[in-house]
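These notes are about the structure you will find just below.
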Amino acid sequence: MSVAINIENVIKRFGKDTIINGLSLDVRPGEFFTLLGPSGCGKTTLLRMIIGFNSIEGGEIKIDGKVINNIPTNKRNMGMVFQNYAIFPHMSVRDNVAFGLKNRKMPQAQIESQVDEILKVVKIDHLKKRMPSKLSGGQQQRVALARAIVIHPELLLDAKLRVEMRNAIKRIQQQVGITTLYVTHDQEEALAVSDRIAVMNGGVIQQIDTPKNIYQRPANLFVSTFIGLSNILDGAI
């Protein structure tokens with residue numbers, strides 16, 4: 001079932017440095033929502049706060065109305081696809097995908113059924129006995145994606161897509177119907193796959209809108225120069 005994400009005035013500090021100061025945004029159920037911005041803008045920090053890898057110094061993060069600030073990472077029903085895929089090199093494709101289900105003590109027959117089903121969805125069922133060292137980068141990402149969604153998470157978090165995965169991830173996301181939060185600094189990538197985009201800079205959201213509106217109607221100078229190519233003309237009204 002798709003869930004809503006509500007982020008209300010969250011604060012993140014590392015020592016004396018405040019990285020995010022009172023940020024708020026809402027993600028709709030079933031939406032493919034992208035956090036877009038340059039390196040160091042706070043987008044990955046925010047993603048890590050949602051998954052539970054970073055503490056929250058202020059504000060609240062809610063999943064379908066339930067505050068998750070103090071819920072341990074392993075108790076949050078979320079799937080995460082890491083930038084380096086983080087698949088286990090000593091396990092076959094099938095065993096990698098089954099890992100989360102085994103940790104949940106699911107019966108073996110049910111594990112086999114769900115793994116076979118999700119491998120077909122991501123179109124690597126023919127590779128289930130193969131080891132990661134024998135897979136291409138794109139195939140490895142499909143393994144990571146399958147492992148993340150086979151547990152039927154409420155929320156999918158993705159740190160980086162390969163170019164050849166853009167259409168596939170969007171198709172799979174729509175097929176599974178899962179709320180997806182994605183992080184990138186690649187404007188073209190964000191415009192290609194997102195339902196809506198939040199453009200960030202310096203820990204502050206500059207604009208939240210559809211890809212078309214972000215591109216055609218930027219809210220300020222930063223967004224207009226960060227998205228696509230721009231000609232900036234000084235003038236007076």
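Bear in mind the structure is a predicted one, so any value in this text is a computation, not a measurement.
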Val121 with Leu119, same ILVMFWY side-chain cluster at under 4.5 Å:
yes

Distance check, rounded to the nearest 0.5 Å: Ile56 atom CD1 versus Asn70 atom CG?
8.0 Å

If you count every heavy atom of other residues, nucleotides or ligands that lies below 6.0 Å from Glu60 atom CD, does the total exceed 12?
yes

Donor-acceptor check, side chain of Arg142 to backbone of Val122, threshold 3.5 angstrom: yes or no?
yes

Do Asp95 and Val115 come close enough that some side-chain heavy atom pair is under 4.5 Å?
no

Running the 4.5 Å side-chain criterion over Ile, Leu, Val, Met, Phe, Trp and Tyr, what cluster does Met91 land in, apart from itself?
Phe88, Phe99

Within a strict 4.5 Å, meaning less than it, do heavy atoms of the Leu46 and Leu25 side chains meet?
yes

If you look only at distance, which donor and acceptor atoms sit under 3.5 Å apart when one is on a side chain in residues 71-81 and the other is two or more places apart or in another chain?
| residue | atom | partner | partner atom | Å |
| --- | --- | --- | --- | --- |
| Thr73 | OG1 | Gly52 | O | 2.9 |
| Arg76 | NE | Ile71 | O | 2.8 |
| Arg76 | NH1 | Met49 | O | 3.2 |
| Arg76 | NH1 | Ile50 | O | 2.7 |
| Arg76 | NH2 | Ile68 | O | 2.9 |
| Arg76 | NH2 | Asn69 | O | 3.2 |
| Arg76 | NH2 | Ile71 | O | 3.0 |
| Asn77 | OD1 | Arg104 | NH2 | 3.1 |
| Asn77 | ND2 | His152 | O | 3.3 |

Please check: side-chain N/O of Lys12 versus main-chain N/O of Ile19, any donor-acceptor pairing under 3.5 Å?
no

Not counting sequence neighbours, which residues clear salt bridge (charged side-chain N to carboxylate O under 4.0 Å, His left out) with Asp209? List them please.
none

Residue pairs, two or more places apart or on separate chains, that pass ring-ring contact (aromatic ring centres under 6.0 Å, His included) and touch residues 33-74
none

On a heavy-atom basis, which atom in Ser194 and which in Pro211 lie closest, and how many Å separate them?
O-CG, 3.3 Å

With heavy-atom distances below 4.5 Å as the criterion, would you say the side chains of Val27 and Leu155 are in contact?
no

Just wondering, do Ile61 and Asn6 contact through their side chains at under 4.5 Å, heavy atoms?
no

May I ask you to decide if Ser136's main-chain N or O and Gln139's side chain share a donor-acceptor pair within less than 3.5 Å?
yes

Which pairs with one or both residues in residues 118-128 pass side-chain hydrogen bond (donor to acceptor under 3.5 Å, both in side chains), sequence neighbours excluded?
Asp116-Lys128

From Leu191 atom CG to Thr34 atom OG1, the distance as rounded to the nearest 0.5 Å
9.0 Å

Can you see whether Gln206 engages Asn220 through a side-chain donor-acceptor pair at a distance of less than 3.5 angstrom?
yes

Is there a side-chain contact between Ile227 and Pro218 in this structure, where contact means two heavy atoms from C-beta onward sitting under 4.5 Å apart?
no

Over all heavy atoms of both residues, which pair between Val10 and Ile20 is shortest? Give the atoms and the distance, please.
O-CG2, 3.5 Å

Does the side-chain contact (heavy atoms from CB on, under 4.5 Å) test come out yes or no for Ile63 and Ile5, once each step is laid out?
CA-CA 5 Å; Ile63 303 297; Ile5 310 168; 3.9 Å; yes

Quick check against the 3.5 Å criterion: does Lys43 have a side-chain atom that pairs as donor or acceptor with the backbone of Tyr182?
no

Under a 3.5 Å distance rule, please check whether Thr180 uses its side chain to pair with a backbone N or O of Ile178 as donor and acceptor.
yes

Is a side-chain N or O of Gln207 found less than 3.5 angstrom from the main chain of Ala219, in a donor-acceptor match?
yes

Backbone of Leu221 reached by a side-chain donor or acceptor of Ser224 within 3.5 Å:
yes

Would a distance-only check, ignoring hydrogens and angles, find a side-chain to backbone donor-acceptor pair under 3.5 Å from Thr179 to Val3?
yes

If you look at every heavy atom in Arg94 and Glu112, which pair is closest and at what distance?
CD-OE1, 3.9 Å

Going by ring-ring contact (aromatic ring centres under 6.0 Å, His included), name the pairs with one or both residues in residues 204-223, residues two or more places apart or in two chains.
Phe222-Phe226

Which atom names give the shortest non-hydrogen contact between Ala190 and Thr184, and what distance separates them?
CB-CG2, 4.1 Å

Just so I know, are the side chains of Leu156 and Val176 near enough to count as touching, which here means a heavy-atom distance under 4.5 Å?
no

Asn9 (side chain) donor-acceptor with Leu23 (main chain) under 3.5 angstrom
no

Using every non-hydrogen atom in the two residues, find where Asp26 and Arg196 come nearest and quote the distance to one decimal.
O-NH2, 2.9 Å

What are the two closest heavy atoms between Gly30 and Ser2, and how far apart are they?
N-CB, 3.2 Å

